[in-house]
Undergrad: 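This structure is in structure tokens; I'll ask about it shortly.
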Amino acid sequence: MASLILQIFFLAVTLATSQGSPLSHYPLQMHLLRSKWGSGGHHVPGMSCLSWRLAVETNNKIGWSTVPEECEDYVGHYMLGSQYREDSAVITDEAFAHAKTFKLAGDGKDIWVFDVDETTLSNLPYYAKHGFGAEPYNSTAFNQWVFTGEALALPESLKLYRKLLSIGIKVVFLTGRSEDQRAVTSNNLKNAGYHIWEKLILKSSSYSGKTAVFYKSSERAKLEKKGYRIIGNIGDQWSDLLGTSVGNRTFKLPDPMYYIS
């Protein structure tokens, strides 16, 4: 049931976006991000979850494995409410404003690097069933979800993707998903609205035991050696954006559900 509701929500938001409706006026809203302060300004237990999320998004809280149990409800309301959409929209709008400042060379080598999970595709139907990150990560269960190919487009990222293509910037998807997930990932991206790209890079077995920072830095360096110019780089994890060959500018989308080093 939760999966069906989420699908309806993302479809409605995507349709609204494609029809030019303001992102701040969504046709369906499942949860509001409610304040955890009493009406008289008195502190209510759980308010520290907002501070915890801030520490996560600013990369001051690192190496954590699960969302604190007492913050599961807060993170769920954030991810399903309007604030997550609005935060994402501010970031993707800024990303496109940055992209427009460039005079492209016209040789097809100007690219934008997108992460996949929680950047171009949303796995909220999965995480809604698994405590929004409060449950320990289960790779078997998550991979089973990936192979369904039912991840939804993140509406703000899809809008950015289309705008970048419209001004001549090509897109490269760089994901931590493994090579055996190439076919399902490609089909999922197309079904979600991402129909064309320059490259789809998945993690080969040669990177086994390496950090995401090392893997993604290495693959971006390979792109640059081939003559590509990385105009921008967007992801939900700091490991998408740190390291080397990060591009002209990086953009961090919100994700308080999990941490990847």
Side-chain angles (χ1 to χ4, degrees), residues 31 33-37 41 43-95 97-98 113-124 126-128 130-139 142 154 156-157 160 174-176 203 207 209-220 230 232-261:
H31 290 276
L33 182 60
R34 294 188 289 270
S35 172
K36 293 196 175 185
W37 288 90
H43 181 67
V44 175
M47 184 59 191
S48 60
C49 293
L50 191 154
S51 297
W52 177 85
R53 182 171 68 84
L54 175 63
V56 166
E57 299 297 2
T58 53
N59 205 33
N60 289 306
K61 183 73 173 175
I62 63 174
W64 54 279
S65 57
T66 59
V67 171
E69 183 180 353
E70 62 270 26
C71 295
E72 176 182 348
D73 182 65
Y74 171 82
V75 171
H77 278 81
Y78 172 74
M79 295 302 297
L80 298 179
S82 63
Q83 192 65 51
Y84 173 52
R85 303 277 91 75
E86 292 167 4
D87 291 349
S88 297
V90 168
I91 295 161
T92 54
D93 286 349
E94 182 63 24
H98 162 73
V113 176
F114 280 80
D115 173 50
V116 172
D117 292 303
E118 271 57 66
T119 299
T120 52
L121 296 178
S122 171
N123 300 300
L124 269 177
Y126 171 84
Y127 284 104
H130 294 274
F132 296 100
E135 292 182 12
Y137 175 69
N138 184 316
S139 60
F142 182 73
L154 204 69
E156 294 76 23
S157 294
L160 173 62
L174 175 55
T175 174
K203 191 175 182 180
Y207 289 109
K210 304 294 186 181
T211 66
V213 172
F214 178 86
Y215 156 59
K216 294 202 169 186
S217 293
S218 299
E219 291 300 321
R220 290 191 301 262
I230 303 174
N233 179 11
I234 189 167
D236 67 298
Q237 298 290 312
W238 281 101
S239 54
D240 299 327
L241 312 174
L242 297 176
T244 58
S245 302
V246 296
N248 185 271
R249 187 175 171 188
T250 62
F251 296 87
K252 168 71 170 67
L253 286 168
D255 181 4
M257 297 189 297
Y258 57 84
Y259 175 87
I260 298 175
S261 62

Undergrad: At their closest point, which heavy atom of N233 faces which heavy atom of L241, and how far apart are they?
TA: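 Shortest heavy-atom separation between N233 and L241 comes out as O-CD2, 3.6 Å.
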Undergrad: Would you name the heavy atoms of Y84 and L124 that are closest together and state the gap between them?
TA: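 Looking at all heavy atoms of both residues, the shortest contact is CE2-CD1, 4.4 Å.
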Undergrad: Once rounded to the nearest 0.5 Å, what's the spacing between atom OG of S88 and atom CG of D93?
TA: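 One gets 10.5 Å once the value is rounded to the nearest 0.5 Å.
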Undergrad: Does the side chain of Y259 reach to within under 4.5 Å of the side chain of V56, using non-hydrogen atoms?
TA: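 Sidechains of V56 and Y259: no contact.
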Undergrad: Determine whether the side chains of Y127 and E135 contain a donor N or O and an acceptor N or O closer than 3.5 Å.
TA: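 On atom types as modelled, these side chains do not qualify, holding no pair under 3.5 Å.
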Undergrad: Minimum heavy-atom separation for I260 to A212, with atom names?
TA: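 Distance-wise, the nearest heavy atoms are CG2-CB, 3.7 Å.
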Undergrad: Measure from the ring center of F132 to the ring center of Y78 and say whether it is less than 6.0 Å.
TA: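 Between Y78 and F132, which both carry aromatic rings, the centre distance is not below 6.0 Å.
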Undergrad: What's the spacing between S157 OG and I91 CD1 if we round to 0.5 Å?
TA: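 Nearest 0.5 Å value for the OG-CD1 distance: 9.0 Å.
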Undergrad: Just checking, any donor-acceptor pair under 3.5 angstrom between side chains of Q237 and D115?
TA: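 Side-chain D/A pair, Q237 to D115: absent.
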Undergrad: To the nearest 0.5 Å, what is the distance between OG1 (T175) and CD (E219)?
TA: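 Going from OG1 on T175 over to CD on E219, the span is 11.5 Å.
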Undergrad: In the structure I gave you, are the side-chain heavy atoms of E94 and L160 within less than 4.5 Å of one another anywhere?
TA: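 E94 does not reach L160 side chain to side chain.
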Undergrad: We want to know whether D236 and T119 form a side-chain donor-acceptor pair, criterion being a heavy-atom distance below 3.5 angstrom.
TA: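 Yes, because at least one side-chain N or O of D236 sits under 3.5 Å from a partner of the opposite role on T119.
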Undergrad: Quick check: do S245 and K216 have side-chain heavy atoms less than 4.5 Å from each other?
TA: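 The answer is no, as the side chains (C-beta and beyond) never meet within the 4.5 Å cut-off.
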Undergrad: For a quick test of reading the model, state the closest non-hydrogen atom pair linking I230 to R220 and the distance between them.
TA: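 Smallest interatomic distance, heavy atoms only, reads CD1-CB, 4.0 Å.
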Undergrad: Could you check, using the six-membered ring where one of them is a Trp, whether F251 and H98 have ring centers closer than 6.0 angstrom?
TA: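 Centroid separation for F251 and H98: below 6.0 Å.
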Undergrad: Report yes if the side chains of L253 and T92 come closer than 4.5 Å at any heavy-atom pair, otherwise no.
TA: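 With C-beta onward as the side chain, the pair touches.
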Undergrad: Answer with yes or no after comparing the ring centroid distance for Y258 and Y137 against a 6.0 Å cut-off, counting only values under it.
TA: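 No, the ring of Y258 stays outside the 6.0 Å limit from the ring of Y137, centre to centre.
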Undergrad: Quick one: are M257 and N123 in side-chain contact, heavy atoms under 4.5 Å?
TA: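 Contact flag for M257/N123 side chains = no.
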Undergrad: Who passes side chain to side chain contact (heavy atoms under 4.5 Å, CB included) against S218, sequence neighbours left out?
TA: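 S218: side chain to side chain contact (heavy atoms under 4.5 Å, CB included) contacts with Y207, F214.
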Undergrad: My understanding is that only residues two or more places apart in sequence, or in another chain, count here; which of them pass side chain to side chain contact (heavy atoms under 4.5 Å, CB included) with E72?
TA: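 E72 satisfies side chain to side chain contact (heavy atoms under 4.5 Å, CB included) with A134 only.
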Undergrad: Atom CG in N138, atom OH in Y126: separation rounded to 0.5 Å?
TA: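 Going from CG on N138 over to OH on Y126, the span is 5.5 Å.
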Undergrad: So how far is it from D87 CG to E57 CD, rounded to the nearest 0.5 Å?
TA: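 The CG atom of D87 sits 8.0 Å away from the CD atom of E57.
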Undergrad: Please tell me if the side chains of P136 and S65 come closer than 4.5 Å, counting only heavy atoms from C-beta onward.
TA: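 A side-chain contact is absent here, since even the closest heavy-atom pair is not under 4.5 Å.
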Undergrad: Within 45 degrees of the axis of the six-membered ring of Y215 and under 6.0 Å from its centre: does K203 put its NZ or CZ there?
TA: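 K203 over Y215 ring: yes.
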Undergrad: Nearest 0.5 Å please: distance from the OG atom of S122 over to the CD atom of E156.
TA: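 Here the rounded value is 10.0 Å.
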Undergrad: Please give me the minimum heavy-atom distance between S217 and V213, naming the atom from each residue.
TA: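 Closest approach of S217 to V213: OG-O, 2.7 Å.
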Undergrad: Is the shortest side-chain heavy-atom distance between V75 and W52 below 4.5 Å?
TA: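 Result yes, sub-4.5 Å side-chain heavy-atom pair found.
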Undergrad: Under 4.0 Å between a Lys/Arg side-chain N and an Asp/Glu carboxylate O for K252 and D240?
TA: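 Result for this pair is no, no salt bridge flagged.
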